[in-house]
Amino acid sequence: MKPAFVFGTRPEIIKLAPVVRAFEERSVKPLLIHTGQHYDYEMSRVFLEELELDGIDYHLEVGSGTQAEQTGRAMIGIERVLMKEKPDVVLVQGDTNTVLAGALAGVKLKIPVAHVEAGLRSFDRTMPEEINRILTDHASEVLFPPTEEARKNLEREGVTRNVYVVGNTIVDAVLQNSKMAERKSDVLERLGLKPGEYVLVTAHRAENTDSRENLERLVGILEELPMRAVYPMHPRTRNRLKEFGLWERVGSIEKLLVTEPLGYLDFLRLEKNAFAVMTDSGGIQEESIILNVPCLTLRYNTERPETVKAGGNVLVGLEKELVLKYLKRLMEDGEFYRRMASSKNPFGDGMAGERIAGILLELYERGELRVRSSRFI
Ligand code: UD1
Ligand code: UDP
C-alpha cells in the first residue's frame, strides 16, 4: 500500500508525525508532500528535523497569499504529484488551506482521502478553518474523529460510513516527545524562566490579528497581566503588530518576553512548566489539558468543547476583565487551580497513530479503500 501524506503547516507536521511513524513501523513507506504553506525555518524545518520527517518527497513551495491563491496553488501542485505517484490514499490532518487543497485534489482524482481530526466544528462559518473542516469532511472517504463529540457532528451531517473514533494524534505527539523535551531543551534556562512562574501566551488566529481593534484588545490584555509572560510569536501576529503600529507598545511591556516561534521540544517544555496558558491555538488547547496546565482560550467559541466540559479550559475571548478574573483566581485559589490542572484529558491514550495506520491497511487489504459513488450505498 502507498499512503500519501499532504501537510504544510506547523501543527500538521506535529500531528501527522505519529501516523507516519506507525506506517513505517509496519514497513509501509509513506509518500511525504509538503505544500510549503509554512516556510520559515522555525515554522517548518525545525519540526521536520525534530520529529525525524526529513525525507520529504515533494516540496511544493506554495507560500503565503490570499485564501484562494494559497489553496489554488496547493491544489495544482498536489494534483500534479498525485497524478504521477498514484497513491492508494491521501492523508490530511486538521483544517488548514493545505488540508482542503489535498482533499479536493485527491477525491477528484478518485483517490480516497482520509481525514485525521475529522468532525471538529466551531459552528462559526466566518472562520476560514470552519469552511475547510466541513468541505474536507465531506470530500473524505475515511474519517478519524478524535472524540465521540466530533463523531456526532459528522453524523448530524449524514457522514457515518468509515468513521472511526481513534483519539487525537496530539496525545501521541506529546507522549512521544515530552520526555525528550525535558532532557534536551534548555529553554527555561535560556529565557531565564522558573517553572510555575510565568504564563505562556500564543495568539495568531485571523479573527484576533487581522483587525486593528481586536489586536489592540489583545495588547491591552498583555499590558495588564499580573505575572511574567512569554509569547513565542507567530509571524502573522508580528507582521500585523508592525502594520498597525502596535509593535513598540508590545516591546515596552516589562513583564512580557516576546520570542521567535519555538521548536517543538522547547515549546513543550515551556508549556509543561507554565503556570497557565493563554492561547487561541487549537493544538495548544489540547496539549495544555494533556500536560495538566490550566488554559484560558482567547476566543468566543471552540471546536474543542471537550476541554471546556472537562474543566481544563475556559473561553475568555478578548475580554480583559475575564482574563484578569481567571488569572487572579488561579493565583489565589489553590483548590480552583488544582481542579483546572487535574482535568481529565478527553483526547485518548496516545495510540491514535497506530489505530489510523491499522484501520487504513485493513480497509486496503479488504479492497474497501476506494471512492464510492454515494455516501449512503
Ligand atoms: C494557518 C492556518 C491556521 C493554523 C495555522 C497554524 C489556514 C486558513 N490557517 O494560519 O488554521 O492555526 O496555520 O500555525 O490555513 N508567515 C510567515 N512565515 C511562514 C508562514 C507564514 O511569515 O513560514 C506569515 C505570512 O505573512 C502569512 C501569514 O503568516 O501571510 C499567515 O500565514 P498562513 O499560512 O496564511 O496562515 P496562518 O496564520 O499561519
Ligand atoms: N508550537 C510550537 N512552537 C511554537 C508554538 C506552537 O512548537 O512556538 C506547537 C504547539 O506545541 C502545538 C502546535 O504548534 O503542537 C500548534 O500550532 P498552532 O498554534 O500554530 O496551530 P493550531 O493548532 O491553532 O492550528
Side-chain angles (χ1 to χ4, degrees), residues 7-18 34-48 50-51 61-71 73-74 92-102 117 120 122 127-133 135-136 168-174 176-178 181 185 187 200-210 230-243 258-272 274 277 279-288 290-291 293 297-299 302-304 347:
F7 49 82
T9 69
R10 154 170 93 183
E12 294 161 68
I13 300 173
I14 293 168
K15 288 177 170 179
L16 280 177
H34 190 312
T35 63
Q37 176 170 346
H38 285 173
Y39 43 87
D40 290 342
Y41 175 83
E42 61 273 12
M43 294 298 288
S44 176
R45 179 143 287 283
V46 65
F47 301 102
L48 299 174
E50 286 181 343
L51 302 170
E61 293 177 15
V62 162
S64 306
T66 66
Q67 295 291 312
E69 283 165 356
Q70 194 174 55
T71 312
R73 279 201 298 268
V92 291
Q93 187 285 330
D95 55 17
T96 67
N97 290 342
T98 290
V99 173
L100 177 61
E117 203 181 73
L120 271 61
S122 66
M127 291 175 75
E129 290 89 351
E130 182 77 347
I131 303 299
N132 293 343
R133 288 179 200 118
L135 297 180
T136 301
N168 196 312
T169 59
I170 194 69
V171 185
D172 311 29
V174 168
Q176 286 168 19
N177 293 289
S178 54
S185 164
V187 69
L200 173 61
V201 183
T202 84
H204 70 277
R205 293 270 166 195
E207 63 267 28
N208 283 341
T209 59
D210 279 3
V230 55
Y231 187 164
M233 196 176 279
H234 191 294
R236 176 186 204 115
T237 316
R238 186 181 293 262
N239 293 343
R240 290 284 188 250
L241 284 168
K242 288 183 180 162
E243 193 182 317
V258 175
T259 73
E260 294 297 315
L262 296 169
Y264 195 45
L265 299 182
D266 278 347
F267 194 84
L268 269 182
R269 180 150 186 248
L270 210 51
E271 201 174 356
K272 195 172 172 189
V277 166
T279 191
D280 63 9
S281 157
I284 297 168
Q285 287 176 64
E286 295 159 355
E287 283 170 346
S288 56
I290 299 165
L291 294 168
V293 180
T297 292
L298 301 163
R299 290 177 49 190
T302 178
E303 56 293 317
R304 277 95 175 164
F347 296 115

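The residues of the chain are indexed from 1 along the displayed sequence. As a basis for the values below, the full set of heavy atoms in this structure was taken, side chains included, without hydrogen atoms, waters or symmetry mates. Both counts, for ligands and for their atoms, begin at 1 and track the order of listing.
Ligand 1 has no atom lying under 4.0 Å from any heavy atom of R238.
Under the salt bridge (Lys or Arg N to Asp or Glu O under 4.0 Å) rule, R238 has a single partner from E260, E42, E243, which is E260.
Residue contacts with ligand 1, taken as heavy atom pairs separated by less than 4.0 Å, involve N239 solely via side-chain atoms from C-beta onward.
At the shortest separation from atom 5 (C) of ligand 1 among protein heavy atoms lies H204 NE2, 3.6 Å. Taking atom 39 (O) of ligand 1 as the reference point, the nearest protein heavy-atom neighbour is H38 NE2, 2.7 Å. Among protein heavy atoms, atom 18 (N) of ligand 1 sits closest to D40 OD2, 2.8 Å. The closest protein non-hydrogen atom to atom 28 (C) of ligand 1 is R236 CB, 3.9 Å. Nearest non-hydrogen protein atom to atom 34 (O) of ligand 1 is Q37 NE2, 3.1 Å. Ranking the protein heavy atoms by distance from atom 3 (C) of ligand 1 puts E129 OE2, 3.3 Å first. What sits closest to atom 2 (C) of ligand 1 on the protein, heavy atoms only, is T96 CG2, 3.9 Å.
Per-residue contacts place P235 under 4.0 angstrom from the following atoms of ligand 1 (heavy atoms of the residue considered): 16 (N), 17 (C), 18 (N), 22 (O). Here is the list of ligand 2 atoms found below 4.0 Å of a heavy atom in G283: 22 (P), 23 (O). For ligand 1, the atoms closer than 4.0 angstrom to any heavy atom of S64 are 25 (C), 27 (C), 30 (O). The contact set between ligand 2 and P232, taken as ligand atoms under 4.0 Å from a residue heavy atom, comprises 8 (O).
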